[in-house]
2 protein chains.
Amino acid sequence: MIETLAVSSDIPATAQLHPMPFTRIELAILSIVDGRLAVLLGKRAGAPHKGKWALPGGVLRIDLDRDLEGAAQRIAGERLGVTLPYLRQLQAVGGKSRDSRAPWALSIAYRALLPSDAIDPKAGKRLEAIRWCAVDEAIADSKLAFDHADLIRSAMEATRAEIERLELPFGFLPEAFTLGELQSCCEAILGRRLDKSSFRRRLDERELLEPVAGEMRTGAFRPAQLYRRR
Amino acid sequence: MIETLAVSSDIPATAQLHPMPFTRIELAILSIVDGRLAVLLGKRAGAPHKGKWALPGGVLRIDLDRDLEGAAQRIAGERLGVTLPYLRQLQAVGGKSRDSRAPWALSIAYRALLPSDAIDPKAGKRLEAIRWCAVDEAIADSKLAFDHADLIRSAMEATRAEIERLELPFGFLPEAFTLGELQSCCEAILGRRLDKSSFRRRLDERELLEPVAGEMRTGAFRPAQLYRRR
DNA sequence: TCTCTTAGTGGCATTACACTACTAACTATA
DNA sequence: TATAGTTAGTAGTGTAATGCCACTAAGAGA
């Protein structure tokens, strides 16, 4: 039926028979705030879950979006005024009565890494307010809207696994950074301390970074060599 | 072209304003055939891609399916007459002009592990034929329908990564099995030989298995201890 | 000049694992 | 009955990765 009829110009009867799910994109945007891994939340301005905190997101628009990643970028631009580097699809969740706006709701969750100052705290269209929330607290918070606590947990786990594999969180870092800054980032993501010596040796063997010749970060103490992505 | 609206008896205007994508589930069902990792393909009986081989799949039915995994199980039951253990969501793919039946098509891909004899080769409703195809060949085959070669690659990579982490492929094995059988499975998935001694030591340290006391697999050569999942 | 703090390096111990070699137990066949 | 062939199972050694600890270096500030 669906398999057998279909020409692009004709409308196959069966495809019209079945209503399709209310389809959204949700964004788990992570950052480091006060040395802890944090996620961007928006306070919902309307029903459902009015007044609760939730991941920013929006409806998939088949007239505007070329593909799923394009939809995620459009929504990030419209709602938050940013484009998202290091975007990665997390998972799809869907089911009956996930969202009272429709009988069946499907969400595709994306994750991005951003420095926290890349978001204007006054942005957030269609949201009363936005804020950064430590992921530990967000996951434990039973008052988050929808099933967003699960999505945040999934974002955190995926990001931790990347760091364990030494896929570095360049999204959190400026173009040039010190090894100390990089290590602090990784520690914030993993939620545990790392050994400086082992960490550097591992980076070294994999040849992931190159020093920016002559450039040092100078500050209160001994200056540190700056590195960039290789 | 189809424009499927999200519908509901009492919904806010926003949910109804936008047409929703044509949403399907695709199944990457893996097995070991002749010592090689293989994927189940169906020959398409109708347009689009009529006569080409594709992953089995079906349309998400919001009237029938409670959630995404339920949809995957319903489709596996209807099309292949099986229920799928060790089901895992792979990824969502979507975009304009993925499928000529609709202006915007979204597919959620699932992966399952099954012994090859769990599928009746005469099954395959709405498909001309079904067959097992070695994943290497399927990935290299530019004539597969839609973007299914990408989905198969993704299924293979996800499964290999699981084996590397010693998440064992119990879906391919009977209740009780020998260490030799388990090792052969893993070798077929990884596409390389493993060292017997190391493999056993790693299993041992992680305490993943327990011997079935007194039970041995007897055959042409020295009998082997049977193990089960712990 | 001394202390404090961060940057950066070196060495030893432990662990995980690859590689090799070996013994054990069964069948089949001469 | 002896022997070859095949799979099951164990043991030991070397090496690579890395955890852990200790050390030196370079700046600021008291």
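All of these numbers come straight from a predicted model, not from anything done at the bench. Residue numbering restarts at 1 for every chain, and letters A, B, ... go by the order of the sequence lines.
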request  = With DNA chain C as reference, determine whether B:S197 or A:K196 sits nearer its 5' end, using the nearest nucleotide of each.
outcome  =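 So the residue in question is A:K196.
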inquiry  = Assuming nearest nucleotide by heavy-atom distance, tell me which of B:R222 and B:G219 is located more 5' along DNA chain C.
reply    =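 Nearer the 5' end of the strand: B:R222.
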Does [X] come within less than 4.0 Å of [Y], counting only side-chain N to carboxylate O?
{"X": "A:R217", "Y": "A:E181", "answer": "yes"}
{"X": "A:R74", "Y": "A:E78", "answer": "yes"}
{"X": "A:R88", "Y": "A:E69", "answer": "no"}

Rounded to whole Å, please give me the gap between [atom1] in [X] and [atom2] in [N].
{"X": "A:R217", "N": "C:dG8", "atom1": "CZ", "atom2": "P", "value": "11 Å"}
{"X": "B:D204", "N": "C:dA16", "atom1": "CG", "atom2": "P", "value": "13 Å"}
{"X": "B:F199", "N": "D:dG9", "atom1": "CZ", "atom2": "P", "value": "13 Å"}
{"X": "B:R202", "N": "C:dA18", "atom1": "CZ", "atom2": "P", "value": "6 Å"}
{"X": "A:D195", "N": "C:dG11", "atom1": "CG", "atom2": "C1'", "value": "13 Å"}
{"X": "B:L190", "N": "C:dC17", "atom1": "CG", "atom2": "P", "value": "14 Å"}
{"X": "B:R193", "N": "C:dT20", "atom1": "CZ", "atom2": "P", "value": "14 Å"}
{"X": "B:R200", "N": "C:dC22", "atom1": "CZ", "atom2": "P", "value": "19 Å"}

message = Let's go through A:L27 and A:I75 carefully: what are the C-alpha distance in whole Å and the side-chain angles of both, what is the deciding distance for side chain to side chain contact (heavy atoms under 4.5 Å, CB included) to 0.1 Å, and is it a yes or a no?
response = CA-CA 9 Å; A:L27 302 173; A:I75 289 165; 4.1 Å; yes
request  = State whether A:W53 and A:R44 meet the cation-pi test: NZ (Lys) or CZ (Arg) under 6.0 Å from the six-membered ring centroid, and within 45° of the perpendicular axis.
outcome  =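 Output no; distance or angle outside limits.
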task = Would you sort out whether B:L55 and B:L144 count as a side chain to side chain contact (heavy atoms under 4.5 Å, CB included), showing the intermediate values?
result = CA-CA 9 Å; B:L55 295 177; B:L144 279 193; over 6 Å; no
inquiry  = Both A:E205 and B:R201 contact DNA chain D. Taking the nearest nucleotide for each, which residue is further toward the 5' end?
reply    =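 Upstream on the strand: B:R201.
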message = What residues from residues 177-187 of chain A pass a heavy-atom cutoff of under 4.0 Å to DNA chain D?
response =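 Under 4.0 Å from DNA chain D: no residue of residues 177-187 of chain A.
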ask   = Is any side-chain nitrogen or oxygen of B:R206 closer than 4.0 Å to OP1 or OP2 of C:dC17?
value =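 Checking C:dC17 against B:R206, a side-chain N or O does come within under 4.0 Å of OP1 or OP2.
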message = Tell me whether the side-chain N/O atoms of A:S198 come closer than 4.0 Å to OP1 or OP2 in D:dG19.
response =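 Checking D:dG19 against A:S198, a side-chain N or O does come within under 4.0 Å of OP1 or OP2.
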ask   = Are the side chain of A:Q183 and the backbone of A:L194 linked by a donor-acceptor contact shorter than 3.5 Å?
value =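 Yes, A:Q183 side chain to A:L194 backbone: donor-acceptor pair under 3.5 Å.
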ask   = Of the nucleotides D:dA26, C:dC26, C:dA7, which one has an atom closest to the side chain of A:P223?
value =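 Of the candidates, D:dA26 comes closest.
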task = Go through the N and O atoms of the side chain of A:T218 and the base of D:dG27, and report whether any donor-acceptor pair is under 3.5 Å.
result =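 No.
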